[in-house]
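Structure first, commentary second.
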Amino acid sequence: MTTEKRTSVKDVKNDHYFQKVFDVTCMIPPGRVSTYGAIADFLALGSARMVGWALNNCHSADSQIPAHRVVNRKGELSGRRHFSTPTIMEEKLKNEGVEIQDNVVVHMQELFWHPREMKEY
DNA sequence: GACCTGACGCCCC
DNA sequence: AGGGGCGCCAGGT
């Protein structure tokens with residue numbers, strides 16, 4: 001068999017994909033951060049960009065989605081511009097005890113949380 | 001309807 | 001080891 005093909009987003013309803021991303025994002029423990037790639041990898045759907053695309057619609061979902069806990073692989077707060085203010089993301093993370101320096105999560109490797117760590121699904 | 005960009009990340013040079 | 005290119009999928013121009 002060839003390499004297992006990652007399921008395309010087209011194979012599922014986009015709304016379902018949205019829900020999945022939101023769900024996983026909401027499971028990120030306070031004080032921890034996750035990455036777009038980790039979520040995409042866990043869902044085995046689309047790509048990291050899709051996660052960002054989905055989170056871009058989180059403003060539609062009134063629910064309190066801790067999108068500020070999702071950063072890129074480098075730990076950079078790449079999505080800060082999409083919040084109410086460019087500093088909200090940093091402020092929220094700092095409020096949770098996450099140290100931020102120059103828009104980058106300090107000790108990213110330590111604080112990184114992979115959905116795989118979820119004991120119960 | 002084609003092209004480019006985007007809250008990314010891996011592979012290749 | 002650092003930088004650049006390509007893939008990913010959807011939306012906007």
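Protein chains get the first letters and strands the later ones, always in sequence-line order, with residue 1 at the start of each.
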Practice task
Find out whether A:Pro66 and A:Thr25 are in side-chain contact, i.e. whether some heavy atom of one side chain is under 4.5 Å from a heavy atom of the other.
Solution key: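 Side chain of A:Pro66 against side chain of A:Thr25, heavy atoms only: contact under 4.5 Å found.
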
Practice task
Starting at NE2 of A:His68, measure out to CG of A:Leu55 and round the result to the nearest 0.5 Å.
Solution key: 11.5 Å

Exercise for the section: Give me the one residue out of A:Leu77, A:Ile28, A:Leu111, A:Val70 that meets side-chain contact (heavy atoms from CB on, under 4.5 Å) with A:Val33. Expected result: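 Exactly one candidate clears the test, A:Leu111.
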
Practice task
Taking atom P in both B:dC4 and C:dG5, compute the distance separating them and give it to the nearest angstrom.
Solution key: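 Straight-line distance between the two P atoms is 15 Å.
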
Practice task
Using the P atoms only, state how far B:dA7 lies from C:dG2, rounded to an integer number of Å.
Solution key: 26 Å

Problem - Test ring-ring contact (aromatic ring centres under 6.0 Å, His included) applied to A:Trp113 - qualifying residues, sequence neighbours left out - result: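 Scan of A:Trp113 (ring-ring contact (aromatic ring centres under 6.0 Å, His included), adjacent residues dropped) gives none.
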
Fill in the blank from the handout: Once base and sugar-phosphate atoms are separated, protein heavy atoms under 4.0 Å mark nucleotides 6-11 of chain B, 5' to 3', with B, S and - as BBBS--

Practice task
Scan residues 17-37 of chain A for pairs that pass salt bridge (Lys or Arg N to Asp or Glu O under 4.0 Å), counting only residues two or more places apart or in two chains.
Solution key: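 Salt bridge (Lys or Arg N to Asp or Glu O under 4.0 Å) check on residues 17-37 of chain A returns no pairs.
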
